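Encoded as structure tokens, the structure appears first; notes follow it.
Residue numbers begin at 1 in each chain, while the letters A, B, ... track the order of the sequences. Computed from a predicted structure; not experimentally measured. Keep in mind that the numbers below use all heavy atoms, side chains included, and drop hydrogens, waters and symmetry copies.
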Number of protein chains: 2
Amino acid sequence: MSFQNRQWFYVKRPDARVGDEHYELRESELDGTLAANEVIIRARIISVDPYIRIQQHERNTYDVPHPLGIVQRAGAVGEVVASNSPLFKEGDWVSAYSGWQLYAKCHHSELTKLDPAAAPVSTALGVLGMPGRTAWFGLTEAGKPRPGDTLVVSGAAGAVGSLVAQFGKRAGCRVIGIAGGAAKCAFLTDTLKLDGAVDYRAHPTVEGLRAAIEQATGGVDIYFDNVGGMVTDAVIPLIKLRARIIICGAIAQYDGGLDTPDLAPRFLQHMLFKRATIQGILARDFTSRMDEMVKTVAPWVKSGEIVSQETYVDGFDQLPAALNSLFEGKNLGKLLVRV
Amino acid sequence: MSFQNRQWFYVKRPDARVGDEHYELRESELDGTLAANEVIIRARIISVDPYIRIQQHERNTYDVPHPLGIVQRAGAVGEVVASNSPLFKEGDWVSAYSGWQLYAKCHHSELTKLDPAAAPVSTALGVLGMPGRTAWFGLTEAGKPRPGDTLVVSGAAGAVGSLVAQFGKRAGCRVIGIAGGAAKCAFLTDTLKLDGAVDYRAHPTVEGLRAAIEQATGGVDIYFDNVGGMVTDAVIPLIKLRARIIICGAIAQYDGGLDTPDLAPRFLQHMLFKRATIQGILARDFTSRMDEMVKTVAPWVKSGEIVSQETYVDGFDQLPAALNSLFEGKNLGKLLVRV
């Protein structure tokens with residue numbers, strides 16, 4: 001038995017925005033012969049995440065660069081289609097870090113079994129997966145939210161931001177989301193029930209944006225930052241005494257700005273004046289505590305108390321374009337590709 | 001009885017470097033009549049500190065701006081010359097926040113009695129005073145030094161930096177100091193016995209300075225920052241995993257750069273990649289733990305295990321110029337004015 005595979009190979013490092021030219025779509029036969037404890041999965045949903053863009057940089061970032069000439073690494077959810085493992089049988093749903101390919105042969109230790117009755121399997125790539133873990137521990141561990149704190153979230157309509165904002169509400173914070181465009185801001189206030197939303201696109205200057213955020217917040221106790229750039233320039237001077245700033249992403253800089261950072265006003269004096277902290281966090285820092293997050297958050301997902309918003313793109317061919325679209329702000333919540 | 005007083009009044013906010021024009025020297029008679037528990041002290045040593053320059057800004061920084069038209073606030077050490085308090089008698093040495101004036105009438109609760117036999121009284125303005133507290137708790141609480149960590153200190157020949165560097169050595173760190181000029185660097189390695197020193201004046205570009213610091217350190221676990229500006233631009237990309245950056249000062253920005261910050265390369269991505277922290281600290285955060293610091297550090301001062309370097313300027317008239325000279329890097333260790 002064999003499987004007709006399709007794979008996106010990462011073949012060229014982007015200088016700026018990622019596009020089709022940085023990938024090659026290849027077709028091949030995947031031999032179905034299985035060694036002991038091997039499993040073949042057929043991906044059904046593949047993840048595109050901003051961190052992918054970081055790994056494409058030529059230099060070390062939080063890890064060595066993603067190698068050229070291999071399948072693009074990424075998280076996926078799929079079905080077992082062949083198994084030589086006592087732990088998995090055909091038809092089981094699993095999540096795996098199997099990358100941008102339709103079929104993958106995996107050792108069973110690489111797979112996490114999913115229960116479709118407990119939660120939609122797609123949540124393993126979102127609220128009950130890496131983005132959820134990032135949001136939960138980033139907010140609770142680094143942000144240390146207290147009832148009454150004012151929490152500002154940038155990229156608040158995104159995969160991580162939309163969860164941070166909701167977790168913040170549950171912790172008793174007053175939550176103001178920053179997002180691009182009126183539709184996203186309406187999502188923040190109407191669907192996520194945040195206390196306010198600021199459309200950064202409506203404020204083209206840092207000073208104007210800062211004034212809008214100041215008006216909406218009156219000062220910031222916690223800033224959960226997914227975007228960096230001008231939005232962060234606007235927020236930092238608004239921090240209050242002992243504010244906590246969590247650096248979770250810098251999406252504004254991923255298109256070249258990591259190698260050649262642009263210039264921004266110095267701000268460390270505000271850290272001094274307010275005795276504030278900045279902490280960088282990554283999902284991997286909390287991998288060992290995944291069970292703790294799932295135990296807490298899964299019941300909220302099941303009961304509908306947490307909105308786990310998803311945006312779908314259809315088609316394996318669309319993976320590079322879908323990754324690209326993250327940087328155009330087109331997704332609401334977690335962006336997923338159905339394959 | 002009365003006392004012929006001399007006082008420096010703060011009368012004009014500086015735009016850039018502070019100078020004589022921002023102060024007025026006034027003479028007056030201080031009436032020696034004392035209410036219950038009042039004491040008159042004659043200052044002998046008056047402190048000039050970089051924070052004074054922060055308080056002169058028009059806007060709130062870590063506090064409301066220093067008012068115009070009053071005596072410049074500052075720490076001082078002096079002798080009791082008249083007392084209506086059961087706690088103090090003539091000839092007692094005390095420290096007080098009595099400002100730039102020869103005589104001050106104080107409520108006894110404002111005074112701390114000093115024991116000249118235990119340590120030189122000047123140390124109450126340095127290693128056993130505010131700068132010592134800043135250095136001790138800034139390093140131990142925010143820096144969390146571990147044996148083998150590489151600690152980089154900017155402004156390492158200054159009042160706080162020279163103490164941080166020595167406390168770091170005692171904690172088992174490898175300590176590299178950054179200072180301006182060959183003489184200061186020799187002080188760091190020869191007198192303070194640091195593991196290395198980098199003369200930032202010998203490296204006019206950020207890239208060159210960074211290369212020198214990288215060569216001296218191989219990467220930075222703790223960065224204790226007293227200066228900000230280009231030195232900090234050079235250090236931050238060299239941080240290692242889970243680095244701790246302590247913002248204690250930004251002396252490079254105090255001459256106007258707080259109100260109109262200059263531009264520098266964005267760096268928050270490094271915080272993300274390395275899951276590092278930045279924490280702003282001020283001496284006042286640890287005032288309640290002063291006894292803890294003194295108990296630990298005073299024996300080291302007495303035994304000579306800690307070098308408490310001081311630079312003296314003579315003459316009450318010299319106070320504004322002495323403050324100014326802090327920003328020209330002329331002092332080694334704590335700068336004090338004998339009056």
Which region of [X], side chain (C-beta onward) or backbone (N, CA, C, O), has a non-hydrogen atom less than 4.5 Å from a non-hydrogen atom of chain B, or is it both or neither?
X: A/Arg244; value: neither
X: A/Ile281; value: backbone
X: A/Ile245; value: neither

Exercise. For A/Ile247 and B/Gln269, run side-chain contact (heavy atoms from CB on, under 4.5 Å): C-alpha distance rounded to whole Å, both residues' side-chain angles, the deciding distance at 0.1 Å, then the answer.
Key: CA-CA 8 Å; A/Ile247 305 299; B/Gln269 70 276 15; over 6 Å; no
Quiz item: Is A/Glu328 atom CD crowded by more than 12 heavy atoms from other residues, nucleotides or ligands, each under 6.0 Å away?
Solution: yes
Exercise. Sort B/Asp63 into side chain, backbone, both or neither according to what part of it lies under 4.5 angstrom from a heavy atom of chain A.
Key: neither
Exercise. Sort B/Ile54 into side chain, backbone, both or neither according to what part of it lies under 4.5 angstrom from a heavy atom of chain A.
Key: side chain
Quiz item: chain A: which of B/Ala250, B/Pro265, B/Gly249, B/Ala142 shares the most heavy-atom pairs with it under 4.5 Å?
Solution: B/Pro265
Quiz item: Using a heavy-atom distance cut-off of less than 4.5 Å, which residues of residues 208-231 of chain B contact chain A?
Solution: B/Gly229, B/Met230
Self-check item: Those residues of residues 270-278 of chain B, ordered by number, that approach chain A below 4.5 Å (heavy atom to heavy atom)
Solution: B/Met271, B/Leu272, B/Phe273, B/Lys274, B/Arg275, B/Ala276, B/Thr277, B/Ile278
Practice problem: Measure the CG-CZ distance between B/Asp262 and A/Arg266 for me, rounded to the nearest 0.5 Å. | Solution: 4.5 Å
